[in-house]
Amino acid sequence: MNNIVIFPIIIPVIFGMIMIIFRKRLKLQRYLSLISMAAVGIVTVYLMLQVKSEGIQTLHLGGWVAPFGVTMVVDMLAALLITTTSIVAFCCLLYAFRTIGTERENFYFYPLFLFLITGVIGSFMTGDVFNLFVCFEVMLVASYVLISLGGTKIQLRESIKYILINILSSFLFLVAIAFLYAMTGTLNFAHLSLRVAEVGQDGLMTTVAILFLIVFSLKAGLFLFFWLPGAYSAPPTAISAIFAALLTKVGIYAIVRMFTLVFYHEPEVTHLFIGILAAITMVLGAVGAVAFWDIKRILTYNVIVGVGFILAGVASFTTVGMTGALYYLIHDMIVKALIFLLGGTVIYLTGTSNLRDLSGLIRLHPQLGWMFFIAALSLSGIPPLSGFLGKLFISEGTFEAGYFWLGAIGLFTSLMVLYSIMKVFMNAFWGYTVIKEEEEQGTTAGLLLPIGILTALTIALGIGTQAIHEYVDLAVEVLMNPSFYIEAVLGLNPKP
Amino acid sequence: MSASIPNEVVPVLLILIGTIFSFLSAIGLMRLPDVYTRSHAASKSTTIGVLFILVGTFFFFLLEEHYFSIRLFLGIFFVFLTAPVASHVLIRSAYRSKAPLAKESVQDDLKEVLDREDNEPV
Amino acid sequence: METLMCLLVGVLFSIGTYLILTKSLLRIILGTSIIGHGVNLLIITMGGLKKGGPPLLGLKNLTYTDSLPQALLLTAIVINFATTALFLVLSYRAYIVLGTDDTEQLRGKEDE
Amino acid sequence: MIKGMLIGSLIFLTLSILAIMYRLVKGPTASDRVQALDALGINIISGVAIFSVLIRSTGFFEVILLIGILSFIGTIAFARYLERGVVIERKHPK
Amino acid sequence: MKEPNDIIIRSVAKVAVVIIFTFAINLFISGHHYPGGGFIGGLAFASAVILLFLTFDIETVRKNIPLDFKMVAAIGVLIAVLTGLGSLLFDVPFLSQAFGYFYLPIFGKTELATAVLFDIGVALAVIGTALTIIMSIGDDR
Amino acid sequence: MSWLHLLILAPFIFAIFVPFLYKKMNQRIHTGWFVLLIPLILFFYLFTFIPEISSGNTRTATLPWLPAYDINFTIYVDGLSLLFALIIAGIGALVVLYSIYYMSKHREALHNFYVYLLMFMGAMLGLVFSDNIFVLYVFWELTSVSSFLLIAYWYQREKSRYGAQKSMLITIFGGLSMLAGFIMLSMIADTYSIRTLISSETLNTNTLFIPAMILILIGAFTKSAQFPFSIWLPDAMEAPTPISAYLHSATMVKAGIYLVARLTPVFGGEAVWFWLVSGIGLITLLYGSINAVRQTDLKALLAYSTISQLGLIMSLLGMGSGALYFGYGDESFVYAVAIFAAIFHLLNHATFKGSLFMVVGIIDHETGTRDIRKLGGLMHLMPISFTLTVIGGFAMAGLPPFNGFLSKEMFFTAVLNTAEKSIFNLDTLGFLFPIIAWVASVFTFIYSMILVFKTFRRKPTFVRVDKQVHEAPIGMLLSPMILGTLVVALFFFPNVASKYLLTPAWESVLPTLAGDLSIKISPWHGFNTELMMTMGVVVFGTIMYRFLKKWYGLYDYYPDSLTINHFYNLGLQSLEAISEKTTNRYMTGFIRDYLVYIFAFIIVVVGGALWKFGGVVINHSTDAHVNVYEAGIIVAMVISAVTVLFSKSRMTSVIAVGALGFLVSFLFVLFRAPDLALTQLVVETVTTVLFLLCFYHLPELRKEMSRIPFKVTNALISIGVGVIVTIVALSANGTRLFDSISTYYENSYKLAGAKNIVNAILVDFRGVDTMLEILVLTMAGLGVYTLIKLKSEGRDKDEGAE
């Protein structure tokens with residue numbers, strides 16, 4: 001029992017609710033949201049350290065032992081992800097202060113933002129498949145509201161598509177849970193794992209596994225990403241940045257969890273299938289990224305490529321591949337938020353997202369330009385930035401698993417990513433400066449801080465990977481050996 | 001078992017009667033020509049039917065299980081109170097939304113009133 | 001009974017899917033609520049039907065039906081309600097602002 | 001015997017429900033359909049009641065009352081809508 | 001079109017609303033042992049208010065219930081969460097509920113459970129949300 | 001951290017201070033003077049290594065970077081890396097010195113320039129010293145990045161950006177393929193260390209060996225601008241001339257050569273390696289030299305000449321790798337000379353090409369143009385430059401008394417030797433080697449002459465408008481003069497260099513043969529075939545140069561549309577166009593299309609999985625019995641659902657959905673779920689009211705005006721979904737493998753003090769679900785509120801403003 005585990009989930013809820021009550025006091029809301037995100041950050045870091053020193057932390061909510069109650073489980077994977085989440089969210093929040101506008105602030109932007117974080121963190125921590133559904137819904141409903149917050153035409157149009165597809169995927173999720181429950185009679189991941197392991201993964205179980213895969217693919221944007229480009233380009237920058245950083249990652253996390261803990265018996269089927277989907281995703285994402293001359297579109301298609309790449313590592317189902325996937329997951333959360341914030345800043349400064357109308361920003365905004373450059377390199381996994389190690393290990397993992405085509409596609413798409421993102425850089429920042437200083441639409445004052453933090457992070461993560469390797473290795477160890485997780489949750493054989 | 005037969009039989013008979021009423025009203029609902037005539041079937045006999053059934057149920061549990069259900073009692077009261085009103089409101093709305101009368105109808109008392117209302121400047 | 005329910009669920013899914021695939025927003029919403037019913041019935045079916053009395057301990061039953069799917073379903077219904085309400089209002093709002101309820105006209109290519 | 005009678009009643013009730021469904025599908029006006037819906041609600045009340053007797057459970061009385069309430073509210077809402085096109089009125093429309 | 005009079009429905013509605021309120025509270029309180037609970041009770045309560053909206057107009061109702069329902073919902077969630085947090089004071093897992101039997105002067109032997117407090121939160125949240133939704137749409141012209 | 005690490009990191013560290021220095025000091029002192037310190041210090045420090053390394057020792061030092069994954073910054077100094085490092089630091093110092101005069105401190109953004117330059121220098125040093133393949137890769141990519149930045153130094157120019165993008169795409173493509181190759185190599189050998197790789201024995205038995213080799217070679221070829229990847233190099237000439245001299249002739253493009261040389265002990269002796277390296281090298285040699293003649297821009301000419309010379313070195317390395325086929329013995333030494341020649345020519349090339357670039361920069365700087373057609377007669381105006389050009393150009397053409405002659409002779413020796421080999425099918429194709437070499441040499445001679453004479457001889461036609469053309473300042477000439485001196489010095493004292501630099505480097509390329517080589521480089525070997533070839537080159541080259549005008553037109557017959565450049569441009573364009581087309585094809589923005597994809601995917605995948613893995617299990621045995629009335633209710637439900645499907649009025653649909661809801665809750669009652677029935681009812685009613693509220697505004701349902709295929713697709717998909725769900729549900733129902741955990745909850749009165757199990761689960765056992773669920777509800781409420789109010793309040797505000 002460790003009650004700290006619950007705090008990352010409830011701190012945002014409590015603060016958010018308080019903010020709803022003090023709706024008209026915007027300054028207070030800003031402070032409160034910042035405080036709560038900082039608190040979440042501290043707690044998550046504390047939890048991460050605790051997981052490292054004491055093993056997997058569990059909390060049987062309400063005191064009901066697994067599998068009867070809902071158990072919150074923080075293994076290293078979850079700990080890493082929630083820590084990254086809180087950092088990224090903190091930066092997006094800082095960015096939002098300057099850009100989101102009082103109108104949205106008045107209409108519960110901060111509470112909704114915090115609830116989104118609750119949903120995301122909850123999804124990372126929960127040890128129960130139905131609770132995962134509920135946490136997904138928390139996240140999704142928050143995102144529904146955030147995406148439509150402001151009610152502009154494009155927002156309304158895109159949010160209809162987004163919501164409809166997500167409602168369907170929620171239904172599918174429920175259907176999958178129902179099937180799983182009929183067959184196994186339980187909901188707890190650990191217990192499910194035991195029961196599935198006991199009877200083996202027969203044809204029907206594999207089918208259900210694939211159904212789960214489809215559900216999570218819809219959320220993660222794995223192959224079924226059609227909702228993603230539109231939805232991510234509709235809302236304001238701070239919101240789309242947090243979406244890009246977190247939402248798809250939750251789906252990825254769910255796939256990782258499900259297919260390492262429960263449905264890991266038939267990797268030639270399920271994981272190969274993930275690999276195929278990942279390959280298609282990468283190709284289509286990269287194709288989409290190079291196709292357009294619009295910053296937002298280029299960035300959103302890059303999100304898709306990232307998803308495919310991470311799951312390529314997962315598909316390999318080797319220790320190396322998983323390590324890579326994990327590094328890349330963390331990297332992707334940071335760098336996607338970063339690149340979206342940067343792209344958003346460019347749009348904010350110039351008022352256009354069409355690359356053909358942009359030119360020579362670097363003369364007036366050198367810091368912005370260089371940070372964009374670093375982010376762009378990091379995005380395509382150029383060493384020694386944070387994406388490199390992930391890329392290396394994912395490729396190695398796919399090779400080890402014998403999926404050479406997958407690794408090759410991964411590497412080649414990273415070149416296309418580089419092309420697409422450098423296109424942005426070269427067209428927006430280089431060239432003759434067309435805008436005079438007086439014609440500037442806005443300043444970067446205050447926007448550079450969150451961007452700077454994230455840039456520093458991507459550099460630091462690249463060079464200082466050694467600092468987190470123990471954590472990642474621990475996470476992978478748990479992923480590759482489900483028994484650790486099961487023991488920690490069900491207490492069959494408590495860890496020494 | 002044999003001693004309890006009268007206790008059981010009466011409520012169950014009530015229920016059966018109620019069901020028959022309901023069934024008749026349903027047939028009425030199916031067969032009658034227009035919304036106004038059907039409302040007779042829908043409101044009157046359905047209400048009677050449901051009341052029989054509910055009372056039967058009420059007594060069944062009272063006699064058999066010695067269970068006095070305040071909820072059921074409240075339910076009977078509520079249905080009795082609202083069913084006619086609902087029917088009334090519905091028919092009024094039907095009339096105002098100009099649902100057609102059956103061909104066999106001979107009289108439409110409110111026609112003039114409504115026409116006058118419609119022709120008034122708003 | 002379960003077999004029959006599975007068939008019913010299949011029919012509800014079919015109809016709901018067809019409605020969702022049409023162009024009118026309103027039909028789409030109705031489609032989601034029909035699929036929603038299908039999902040609900042599926043969940044309760046998957047828990048096994050009529051295995052005992054209602055899950056109320058005061059009623060002197062010997063056995064009870066599976067209570068867990070019921071609880072899950074309750075949560076699911078509520079969440080479904082919340083999203084449906086949001087979706088409904090969103091479509092309504094979208095109709096007011098965009099002036100159409102035809103999803104084909106919501107492609108959104110023209111202004112990019 | 002008793003059980004048979006109750007099941008018979010339920011079957012009767014089902015038949016009524018099907019009859020009501022006929023009306024609901026057929027229409028022809030919206031009022032007819034609302035009426036059918038109202039009748040359906042009341043028939044379901046009966047159904048629940050008979051079912052309670054059948055399985056001798058007192059657990060469903062809340063349902064009976066609530067169907068009564070909600071069927072009423074639903075009917076009123078539909079009636080309002082049919083009559084005025086508005087469900088919730090405002091004294092001072094903008 | 002002239003406003004049709006609503007005497008019949010209004011007088012019945014007043015009675016009905018009282019019954020529904022009572023029933024809603026009953027559903028809510030007895031939810032721990034009989035069908036019902038915070039959610040159903042809350043929504044039943046909300047449906048009573050909806051009935052009021054339907055039979056009267058929005059301004060009248062709002063004048064009589066001058067609450068910001070969003071705040072009600074927020075307070076509801078807060079109560080639910082804080083109930084859970086309360087268990088931290090006793091060093092038991094989050095959301096641990098406690099129950100016990102007490103002899104109260106009038107009610108005799110009564111069971112009190114913190115779960116009821118949690119349920120109050122649920123009910124408030126549901127009421128707040130349902131009414132927020134209904135009133136927002138009802139307001140919009 | 002050792003001094004060696006500091007050596008590599010010093011440029012990076014110093015780069016951080018450059019912007020500050022620039023800001024504070026540039027008004028008085030050119031920033032280059034500060035920067036110059038770094039390569040000078042490095043050069044002299046590295047110089048001190050020569051005695052130790054040349055005596056056959058090596059040095060290593062390790063700095064942990066990612067010890068957890070054995071990726072450590074291990075430095076390995078041997079002959080090869082030291083030679084490269086000396087070139088990097090030496091030419092680096094000269095280039096910085098040259099740039100001080102070349103780059104105006106008033107007009108140019110010097111801080112950027114020097115930061116990139118230092119970054120490159122550090123990266124390049126890291127590259128040659130790294131023992132760990134992945135660290136090597138890190139530096140490899142860093143050189144690509146810094147080269148990208150340097151090419152686009154004048155980022156306003158369209159052409160600079162184009163060149164930068166091209167070089168980056170190609171070199172990073174190569175880098176990625178090299179990475180893949182490295183990964184495979186490390187998988188085979190289970191090590192990341194080059195030293196260990198070299199000493200591993202049985203690598204070539206693995207199936208991944210050849211793929212890894214080819215992938216790594218692609219990396220090396222792209223970097224060293226080998227055919228057909230060479231196209232980036234001419235465009236890279238958009239960089240400032242010091243950069244062209246440094247990166248794109250002397251150092252960075254040699255990285256590929258370095259890599260090939262470095263890995264020769266691993267891959268050498270394989271037929272694939274031999275043919276790829278030497279074959280591509282020769283093709284590049286020919287391609288570069290032929291194209292160089294055609295150029296009118298001096299820098300472009302030099303760029304193609306660089307390509308050609310790189311090809312020459314590459315082919316030498318390839319031929320030399322044959323030595324490893326034989327193992328230790330006299331046979332192998334004959335071929336091992338090729339490697340020596342490669343190393344020697346590499347050094348020579350760095351000297352003469354560096355000086356040539358610098359001179360061209362001077363010409364450009366003084367005259368304002370690099371176009372050969374406009375230039376001419378500069379000999380008298382710029383005598384020193386002319387002298388330097390003659391030195392460099394003749395060395396390039398392979399004429400005595402310049403170092404190029406020596407290495408060219410050795411090259412001819414190598415090709416002649418190779419042609420006589422009887423391994424790797426050389427007996428049939430070997431004759432091509434000398435022919436290609438000779439033809440390429442002729443062209444090399446021609447373009448060298450063009451460079452020297454077209455620019456400086458002829459009549460002084462060139463007149464600059466704004467100022468008098470005159471010789472460059474001495475500071476600018478200093479660097480090329482030093483290099484020119486070296487060119488001559490190397491001809492006269494080649495064996496000094498051989499002893500201290502070349503032989504140690506050679507020994508590290510062929511460690512198994514080390515120790516016994518004593519190559520005496522001498523300009524005179526008697527009248528052998530090599531000399532005849534050289535003379536042939538001179539004679540034939542002179543003739544062709546004389547009649548250049550006559551045959552120059554032949555170049556025009558080669559269509560532009562067949563150049564690699566054209567393919568590159570076309571490729572990129574069509575990549576974008578096709579991508580856009582494809583993406584727009586499926587990303588229609590029409591939600592129905594997306595849903596069709598999703599549903600179709602579900603049907604195919606889930607159905608396929610069911611069918612393929614035999615998941616269909618139909619088993620009714622555990623089913624509850626069906627009562628007649630239940631069946632009736634279900635029929636009623638189907639009827640109401642179908643009504644929704646076919647109704648043409650929204651009221652009917654909503655009423656039918658309402659009826660469905662009622663019936664569902666009745667089913668819940670029949671299934672003994674009172675709580676569910678209650679919830680379902682309330683939710684249904686509230687939803688209905690919401691529907692009615694929104695209806696006031698939404699339009700009446702229209703008849704679906706759609707084409708028949710549209711409807712048929714929809715129908716098929718929806719039936720498919722229904723069938724799939726049914727089958728899976730039936731199967732899942734038939735495979736109840738375990739008892740549910742829910743029996744536990746039946747003790748809820750004891751456990752939680754609740755008699756209503758469902759409620760107990762909701763508020764207690766799974767309380768957190770409920771907590772989050774009301775959070776969802778609250779958010780939905782807020783969402784509805786904001787959706788409706790935010791817009792209208794905004795509108796109100798606008799109205800108030802008007």
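In what follows, chains carry the letters A, B, and so on, assigned in the order in which the sequence lines appear, proteins first and then strands, with residues in each chain numbered from 1. Values below: every heavy atom of this structure, side chains too, minus hydrogens, waters and symmetry copies.
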Checking A:Gln466 now: which residues fulfil side chain to side chain donor-acceptor pair (under 3.5 Å) with it, not counting sequence neighbours?
A:His469
Parallel, tilted or perpendicular: which describes the rings of A:Phe226 and F:Tyr594, with under 30° parallel and over 60° perpendicular?
parallel
Top residue by heavy-atom pair count (under 4.5 Å) with chain F, among A:Ile214, A:Val287, A:Ile362?
A:Val287
Is the charged tip of A:Arg104 near the ring of A:Phe109: under 6.0 Å from the six-membered ring centre and within 45° of its axis?
no
Do the two ring centres, one from F:Phe139 and one from F:Phe73, sit under 6.0 Å apart?
yes
Quick one: what part of A:Tyr108 sits under 4.5 Å from any heavy atom of chain F, side chain, backbone, both or neither?
side chain
I'd like to verify something: which residue of A:Gly203, A:Ser414, A:Ser217, A:Ser169 has the highest number of heavy-atom pairs under 4.5 Å with chain F?
A:Gly203
Considering only heavy atoms, which portion of F:Leu176 lies under 4.5 Å from any heavy atom of chain A: side chain, backbone, both, or neither?
both
Evaluate A:Glu158 against A:Lys161 for salt bridge (Lys or Arg N to Asp or Glu O under 4.0 Å), listing each step before the verdict.
CA-CA 5 Å; A:Glu158 295 304 333; A:Lys161 300 170 192 170; 3.6 Å; yes
Can you tell me which of F:Glu158, F:Arg157, F:Met168 forms the most heavy-atom pairs within a distance under 4.5 Å of chain A?
F:Met168
If you tally heavy-atom pairs under 4.5 Å against chain F, which of A:Ile165, A:Thr206, A:Leu213, A:Thr323 wins?
A:Ile165
Output yes when a side-chain donor or acceptor of A:Arg195 lies under 3.5 Å from a complementary backbone atom of A:Thr184, and no otherwise.
yes
Looking at A:Leu411, A:Asp202, A:Leu392, which has the largest count of heavy-atom pairs under 4.5 Å with chain F?
A:Leu392
Heavy-atom distances under 4.5 Å only: say whether F:Gln165 touches chain A with side chain, backbone, both or neither.
both
So, the part of A:Phe388 with a heavy atom under 4.5 Å from chain F: the answer is side chain
Chain A heavy atoms under 4.5 Å from F:Phe182: which part of the residue, side chain, backbone, both or neither?
neither
Would the number of heavy atoms belonging to other residues, nucleotides or ligands and lying under 6.0 Å from CD of F:Gln156 be above 12?
yes
Between F:Tyr586 and chain A, with a heavy-atom cut-off of 4.5 Å, which part of the residue counts as in contact: side chain, backbone, both or neither?
side chain
Can you confirm whether or not the ring centre of F:Trp140 sits under 6.0 Å from the ring centre of F:Tyr137?
no
Does any backbone or side-chain atom of A:Trp64 lie under 4.5 Å from a heavy atom of chain F? Answer side chain, backbone, both or neither.
side chain
Side chain, backbone, both or neither: which part of A:Val138 has a non-hydrogen atom closer than 4.5 Å to chain F?
both
Contacting region of A:Ser420 [heavy-atom separation from chain F under 4.5 Å]:
neither
Between F:Leu215, F:Leu575, F:Val605, which shows the greatest number of heavy-atom pairs under 4.5 Å with chain A?
F:Val605
Among F:Ala180, F:Ser186, F:Gly614, which residue has the highest count of heavy-atom pairs closer than 4.5 Å to chain A?
F:Ala180
Can you tell me which portion of A:Ile20 sits under 4.5 Å from chain F's heavy atoms? Options are side chain, backbone, both or neither.
side chain
Does any heavy atom of chain F fall under 4.5 Å from the side chain of A:Met422, the backbone, both, or neither of them?
side chain
Note: vs chain A, highest number of non-hydrogen pairs under 4.5 angstrom among F:Trp65, F:Phe173, F:Trp154, F:Phe599 is F:Trp65
Is it the case that the side chain of A:Tyr419 and the backbone of F:Leu572 share a donor-acceptor pair, with hydrogens and angles ignored and the cut-off at 3.5 Å?
no
Which class fits the ring pair A:Tyr301 and A:Phe225: parallel under 30°, tilted 30 to 60°, perpendicular over 60°?
perpendicular
Honestly, the part of F:Ile578 sitting under 4.5 Å from a heavy atom of chain A is neither
Most contact-rich option vs chain A, by heavy-atom pairs under 4.5 angstrom, among F:Asp764, F:Val606, F:Asn733, F:Ile602, is F:Asp764
Let me see the working for A:Tyr181 and F:Ser740 under side-chain hydrogen bond (donor to acceptor under 3.5 Å, both in side chains), right down to the final yes or no.
CA-CA 8 Å; A:Tyr181 180 77; F:Ser740 166; 2.4 Å; yes
Are A:Phe133 and A:Phe136 an aromatic pair, judged by ring center distance below 6.0 Å?
no
F:Ile761, part contacting chain A, at a heavy-atom distance under 4.5 Å:
neither
With chain F, which of A:Val199, A:Val208, A:Asn188 has the greatest number of heavy-atom pairs at distances under 4.5 Å?
A:Val199
Measure the shortest side-chain to side-chain distance between A:Val196 and F:Phe738 over non-hydrogen atoms and say whether it is less than 4.5 angstrom.
no
I'd like to verify something: which residue of A:Gly62, A:Pro111, A:Ala291 has the highest number of heavy-atom pairs under 4.5 Å with chain F?
A:Ala291
Check each atom of A:Gln155 against the heavy atoms of chain F and say whether the ones under 4.5 Å are side chain, backbone, both or neither.
neither
Counting heavy-atom pairs under 4.5 Å to chain A, which of F:Val616, F:Val725, F:Val145, F:Thr582 comes out on top?
F:Val145
Measure F:Pro64 against the heavy atoms of chain A and call it side chain, backbone, both or neither at under 4.5 Å.
neither
Select one option (side chain, backbone, both, neither) describing which atoms of A:Met139 are under 4.5 Å from chain F's heavy atoms.
neither
Side chain / backbone / both / neither for F:Leu595 at chain A, heavy atoms under 4.5 Å
side chain
Under 4.5 Å from any heavy atom of chain A - which part of F:Met779:
both
Taking all non-hydrogen atoms of both residues into account, name the closest pair between A:Leu112 and A:Ala142 and its distance.
O-CB, 3.9 Å
So, taking the atom named CZ in F:Arg161 and the one named CZ in F:Phe148, what distance separates them when rounded to the nearest 0.5 Å?
10.5 Å
Between A:Trp227 and A:Tyr162, does the ring centre distance come in under 6.0 Å?
yes
What part of A:Ile463 is in contact with chain F, defined as an atom under 4.5 angstrom from a non-hydrogen atom: side chain, backbone, both or neither?
both
Applying a strict 4.5 Å limit to non-hydrogen atoms, the region of A:Leu277 in contact with chain F is side chain
Are the ring centres of A:Phe393 and F:Tyr69 closer than 6.0 Å?
yes
Assess the pair A:Phe223 and F:Phe601: is the distance between their ring centroids shorter than 6.0 Å?
yes
Where on F:Asp739 is there a heavy atom nearer than 4.5 Å to chain A: the side chain, the backbone, both, or neither?
backbone
Does any heavy atom of chain F fall under 4.5 Å from the side chain of A:Leu168, the backbone, both, or neither of them?
side chain
Looking at every non-hydrogen atom in both residues, tell me the closest pair between A:Thr413 and A:Ala286 and how far apart they are.
CG2-CB, 3.7 Å
Side chain, backbone, both or neither: which part of F:Ser160 has a heavy atom under 4.5 Å from chain A?
neither
Rounded to the nearest 0.5 Å, how far does CG of F:Leu772 lie from CZ of F:Arg766?
11.0 Å
Part of A:Val269 lying under 4.5 Å from any heavy atom of chain F
side chain
